[in-house]
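Just so it is clear, the values below take in all heavy atoms, side chains as well, and ignore hydrogens, waters and symmetry mates. Order of the sequence lines fixes the chain letters, A, B, ..., with proteins taken first and strands second; residue numbering starts at 1 for each chain.
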Amino acid sequence: MMRAVLVLFALILAAGGAGKAFAAPATVHFAGFALAGNFSDADKNFPYSNALINGQGKAALIDINRALIDKIGSQSLSNISITTDLGDYKKGDALALAFVLTWENVSTEQFEDFTKVAVNLQAEALLFNFATKQVVSAYPFGVEFIDSVKGAPSRQRIMDDVRALYDPASGSFLNAFVEALHRVRPKSSFGGRLQIVSASIAQPAADTLAQYHVDAAQAQALLENAFERYLTQNADIPVLPHANNQAIGGVMAARFENGDAFNFVIPPPDYRIQLTLTNMRKVQVSKTDAETAFAYASYLDVMIDQPLSGSQYLDASFKYPVVKVIANSGTPDDASALQESLLAISDQITQQMGNPSDKWNDKWLVRQGQGGRFAKTPALIEQCR
Amino acid sequence: MSANRTRTTLFAALTVICAGFAGALASSPARAEGVEIEGMAAAPYSSGLFSGRADEKTRQQVLLLAEYDALGRYAANFSMAKFKLYQGVEHDIKAHIEDYISQPTVVDEGYRKTESKYFIVIRTTINTNRLEAELNGAPDHGGVAQAMPQRKIAISFLFVARSTSSVKSFNDRVTSVEVNSEDKSAKQSQGLHGGSAKFSSSYQDTTVHTTGGNTVRQADQVTYVVSSPEDMNASMSQVFSDNGFDVYDYRDVSAQCGGAKPETMYQAFSSSDILSRELRKSAFDAAKQCSVNTFATGTLDVGLQDTDPVTGQKRVYVSVRAQLNDLSGPLPRVLASVGPVQYSGLGPDQQVAGRNALLTAASEAAKEISNQLRSKGLN
């Protein structure tokens, strides 16, 4: 009898193994390159990339998408099956994938007669499910290009630098996207739904941003996108998008034969995330004869609750700096550093949500003695997986 | 003992297999159509000393109340007409609530010490098809039903989609009036006083200018390109049919029973929001002749496209208005009226966006007409 059980067990294991061997990877519909955020803000948020992809009859966009499809075709991906065919989301064929540019930053620092130009492009491989209307996951990646020019750089020079990053032949940016695809793990089941329902900029933070010529609305959008992206990446959970946007409602919706995919409505969240950027500060932290180090700190209040019960999962104030060291003869790019600080604090807090560390808390909670603030978030993250 | 253990092991193994299949089904990307909604309930409870979780019996009671709450929240979004229907069958639905909602997901639960209550928040999917079917079978609630014979309602309709062809604007017509009136008066007197004579004369001339007039403003004269897209008609027919109506295509009604041709009706709607007396009578007479006891007409006006600032897609708005007449009496009687209500659609071009908006508008108008009829106990 025992032998019979063992045989049956072996059969079960074999069946399981066979099941795995024959389980087809999920089909995702590739939508190509897209810009994050609102269509009407594209020129402000991505001045160079937007000009590049929309110029000359969108020739550059066509080239980028063609190159991406070629590069994807040359990959051997076991986790997903990528197609450019149209899907039917009403039959469960609902996953769309896009290369979404999330941040474009051109930073300049002057050194005597020269200017250092740093072009930083941050993007994500975004997987969106049109049946559940959720961001299944986002896989961030980015590239940076450093240039040095005599005098002040012209717009054309910067444009050439940006174009070089998108270059299909040498394009490290496009390759970074293809590499990110190996990390994509499409989920097929969904738990609780988190969504950033508000992100506000308090007056002290708005004043600092204005002082360094950063548009508050732009900073708000950057914060929302970054927190959402890092949350799905660091906690490995799907989230509802904070709003419809040109990437999801425009480019990705077009990958379905259902014309009403454009009319999709984001469902209400189970858990709300409310962000308030209370302050931003620039502080000199050290100085030598040659260099000066500045800390650019963001102060962020994060509140997570359940709207019906009013249960709070997190209600705390955090601070987190990025440090920039520049030559004493140079001029710091404060605007870029402040924006980078928003990305850093989003990354850090979302890492803590699933796996909190007392040491981190002791250091970066604004008010001391508030340890244990993340006590409820690991269970919440588990609920959302 | 050994056999027992073997059976237990076998059972456990099979359970694992079944659970695996169930898990695979549960995680299937294809999902049932429905509307997701949350519900919450709380009930008095005395927490145990060491446990914050209620006993299973209390949990199940609170869970059921949360399901009722979810259903109530969904129904709160109904139109007045539909809500009346819902009220009529609410008790029956709650008695078999498991037929109308999917297995709920518990989103939050716990014990509230300050209130001595145990609460549960759930998210569940309302089986809208099942619920609609129940509402369609709702009993007669109104006296209005007595006015119509108790049989299935036969309906024919003519809805047209219109997009602006031309707009003729008129300048203001200004009429100025000026009145000049002249008032002249003269006095003369004379008298003799002793050896002398005295004569006096006075003359007064007053001119009054009065200006006025009026400005007549004339509404723009709008002409439309009219069509009656088949998919729009199909969408409406499906809604009416799903709601238990017998649907008759107006093309058949006009052909069989001699009503005005559909093309003539379209032409009439190209320059006016209403039908002429003659056309209306012709259509109604034909319907009556064919034993169709209700007739609906309506317009869906397609607005100009703009670009959605969020997605960059083309966006089109459609404004819908409709009216359903009861033809069973000697005079037509308005049974249901909708709008004007606006719906928007998005798409990569104007055609797709317009079609999305039209289909939504047509379907919603048909649903609202059906609900209004049912709330009056008809059909």
Side-chain angles (χ1 to χ4, degrees), chain A residues 1-2 4-5 8-9 11-12 15-16 19 26 34-35 37-42 89-95 129 131-132 186-193 243-251 253-254 259-264 267-271 305-311 313 380 383, chain B residues 2-3 5-7 9-10 12-14 16-17 20-21 23-24 26-31 33 35-42 66 69-70 73 105-110 112 119-123 307-315 343-348 351-353 355-357 359-360:
Chain A
M1 193 61 172
M2 184 57 75
V5 172
L8 178 64
F9 189 64
L11 282 171
I12 291 165
L35 302 175
N38 287 351
F39 170 78
S40 55
D41 298 330
Y89 80 86
K90 290 181 179 172
K91 292 179 180 168
D93 187 16
L95 289 173
N129 187 316
T132 61
K187 287 179 185 294
S188 53
S189 62
F190 301 85
R193 298 188 298 220
N244 193 358
N245 59 49
Q246 57 184 328
I248 297 171
V251 175
D260 59 359
F262 293 100
N263 268 5
F264 86 93
D270 297 326
Y271 312 102
D305 70 347
Q306 207 294 320
L308 285 188
S309 66
S311 299
Y313 296 87
L380 174 67
Q383 175 88 355
Chain B
S2 173
R5 190 181 300 136
T6 306
R7 270 198 292 273
T9 315
L10 263 172
L14 290 171
V16 168
I17 298 170
F21 280 128
S27 65
S28 166
R31 293 184 161 220
E33 288 293 326
V35 173
E36 285 189 320
I37 196 147
E38 289 193 343
M40 180 189 164
D69 184 58
R73 285 171 193 272
T105 301
V106 175
V107 169
D108 193 13
E109 71 175 298
R112 279 194 182 136
F119 74 92
I120 295 181
V121 180
I122 59 158
R123 170 161 45 87
T307 301
D308 176 33
V310 173
T311 62
Q313 297 295 303
K314 298 289 178 283
R315 181 174 57 184
Y343 297 92
S344 68
L346 293 174
Q351 279 69 34
V352 177
R355 194 162 295 254
N356 276 337
L359 289 178
T360 306

Evaluate the side chain to side chain contact (heavy atoms under 4.5 Å, CB included) criterion for residues M40(B) and Q306(A): first the C-alpha distance (whole Å), next the side-chain angles of each, then the deciding distance (0.1 Å), finally the verdict.
CA-CA 11 Å; M40(B) 180 189 164; Q306(A) 207 294 320; 5.8 Å; no
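- Heavy-atom distances place the side chain of T307(B), and not its backbone, under 4.5 Å from chain A.
- A distance of 8.5 Å separates CG of D260(A) from CG of L359(B), quoted to the nearest 0.5 Å.
- What you find for S311(A) and F119(B) is that their closest heavy atoms are OG-CZ, 3.6 Å.
- In this structure, no portion of Y89(A) lies under 4.5 Å from any heavy atom of chain B.
- The choice from G249(A), A243(A), A247(A) that makes the most heavy-atom pairs within less than 4.5 Å of chain B is G249(A).
- For chain A, the nearby part of Q313(B) is the side chain; its heavy atoms alone come within less than 4.5 Å.
- At a 4.5 Å heavy-atom cutoff, the contact between V310(B) and chain A is made by backbone and side-chain atoms alike.
- A heavy-atom distance below 4.5 Å is not found between the side chains of P268(A) and R123(B).
- Among the candidates I120(B), V121(B), I122(B), the single residue satisfying the side chain to side chain contact (heavy atoms under 4.5 Å, CB included) test with L308(A) is V121(B).
- Neither the backbone nor the side chain of R355(B) comes within less than 4.5 Å of any heavy atom of chain A.
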